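Bear in mind that the values here come from a model prediction, so they are computed numbers and not experimental data.
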Amino acid sequence: MRTIRYREIADDLRGRLAGGEFASGGLLPSEAELAAAYRASRVTIRRALEELRTEGLVGARQGFGWFAAGAPLRQRLARLGTIEDQLTERGLHSARRILSFHVVDPPADVAAVLGPGKVLEVVRLNLADSHPFARVTVWCPRSLAKGMTQEQLAEQTFYDLLPAVAGRQLGDAVQTIAAAAADPTDAELLEVPVGSPVLVCRRVTSDAEGVPVLVAVHVFPGLRTEFVADLARPEASIAPSGLRLVD
């Protein structure tokens, strides 16, 4: 008996998903692109995708398209750490691609934190099992970043290098997280549609004396990321600690 066409397509897509061609939360080609690739109608493609959705292998969102289902990458907020450390703990291979490495005048909001003077600005793309996971921009005072190379920062973090290169032991950090929409640049880097949800995290890290030494902005694709916080129950409040309303 001849296999029904939509089931053939579903079988092929199932194999591509199992082979890791699409990251968890990663976009699949559009229905039109799949129809052209498989030489089938969009009705047939949609039926194949619906079959995979019933199996929990794919999902869809209005205005977003079809994506590979799966557990998002979780990051805990209970302690100061790096993306790389948390990915490694989950058994994922992390890598970083340096997109830009320049000494610049800092943006006004960064200068307000780090003070006047030139900064080293590093823009990188973080990868999890070869799939884009975050676009990260870090600013560090030039006086502390002297001697740091692009090659070093492709392999190590500022958290590793500041104590070794600048003799600064790191202390605490303050991180804020807000929702936004992917602009064209981040959409291309993170392989998501323009306007799709992203989480923007701004972190200010201080040294052991409480002096700010790093400002970082991380942009994560919303469908692939979760932040988990352990909240102790406050005696006099029902609101999570650190929660504030945006003006």
Side-chain angles (χ1 to χ4, degrees), residues 17 20-30 33 58-78 80-90 92-101 106-110 113 121-139 153 157-159 173-205 214-229 240 242-247:
L17 288 162
E21 183 174 339
F22 307 105
S24 174
L27 281 181
L28 274 62
S30 69
E33 291 170 330
V58 301
R61 279 192 183 176
Q62 183 69 32
F64 191 89
W66 292 88
F67 57 89
L73 297 175
R74 293 184 174 180
Q75 297 185 64
R76 302 200 71 86
L77 300 177
L80 181 61
T82 65
I83 297 173
E84 289 82 1
D85 289 341
Q86 299 207 30
L87 292 177
T88 299
E89 288 174 3
R90 291 200 54 186
L92 299 171
H93 173 70
S94 67
R96 50 177 56 202
R97 183 185 307 155
I98 302 297
L99 305 177
S100 124
F101 180 96
D109 61 328
V110 173
V113 175
E121 177 187 82
V122 178
V123 182
R124 71 176 190 261
L125 184 67
N126 277 70
L127 307 171
D129 283 350
S130 300
H131 295 289
F133 176 58
R135 188 271 294 165
V136 184
T137 303
V138 184
W139 295 271
L153 285 165
T157 69
F158 277 97
Y159 285 18
V174 176
Q175 181 164 285
T176 59
I177 304 172
D183 63 24
T185 299
D186 283 331
E188 181 177 359
L189 288 172
L190 299 174
E191 299 177 2
V192 298
V194 174
S196 63
V198 294
L199 295 173
V200 180
C201 303
R202 186 176 189 269
R203 177 185 288 188
V204 176
T205 303
L214 294 173
V215 175
V217 172
H218 301 65
V219 180
F220 300 97
L223 279 177
R224 301 179 205 158
T225 311
E226 283 184 351
F227 289 96
V228 181
L243 179 67
R244 67 181 179 86
L245 297 178
V246 176
D247 294 333

Tell me, do [X] and [Y] make a side-chain contact under 4.5 Å, heavy atoms counted?
| X | Y | result |
| --- | --- | --- |
| Y159 | T205 | yes |
| V113 | W139 | no |
| L190 | V219 | yes |

For T137, all residues meeting side chain to side chain donor-acceptor pair (under 3.5 Å), sequence neighbours excluded: R135

Side chain to side chain donor-acceptor pair (under 3.5 Å) partners of S30, counting only residues at least two apart: E33

What's the spacing between [X] [atom1] and [Y] [atom2] if we round to 0.5 Å?
| X | Y | atom1 | atom2 | value |
| --- | --- | --- | --- | --- |
| F101 | R124 | CZ | CZ | 12.5 Å |
| I177 | R202 | CD1 | CZ | 13.5 Å |
| L125 | H131 | CG | NE2 | 12.5 Å |
| N126 | F133 | CG | CZ | 8.0 Å |
| Q175 | H218 | CD | NE2 | 7.0 Å |

What heavy-atom pair brings [X] and [Y] nearest, and what distance separates the two atoms?
| X | Y | answer |
| --- | --- | --- |
| V192 | P221 | CG1-CB, 4.0 Å |
| L189 | P132 | O-CB, 3.4 Å |
| A60 | F67 | N-CE2, 3.5 Å |
| T157 | L153 | C-CD2, 4.3 Å |
| V138 | A216 | CG2-CB, 4.0 Å |
| A181 | G195 | CB-O, 3.7 Å |

Crowding at CD, E21 (>12 non-hydrogen neighbours, <6.0 Å): yes

Audit row: V58, L28, side-chain contact (heavy atoms from CB on, under 4.5 Å) steps and yes/no: CA-CA 9 Å; V58 301; L28 274 62; 4.1 Å; yes

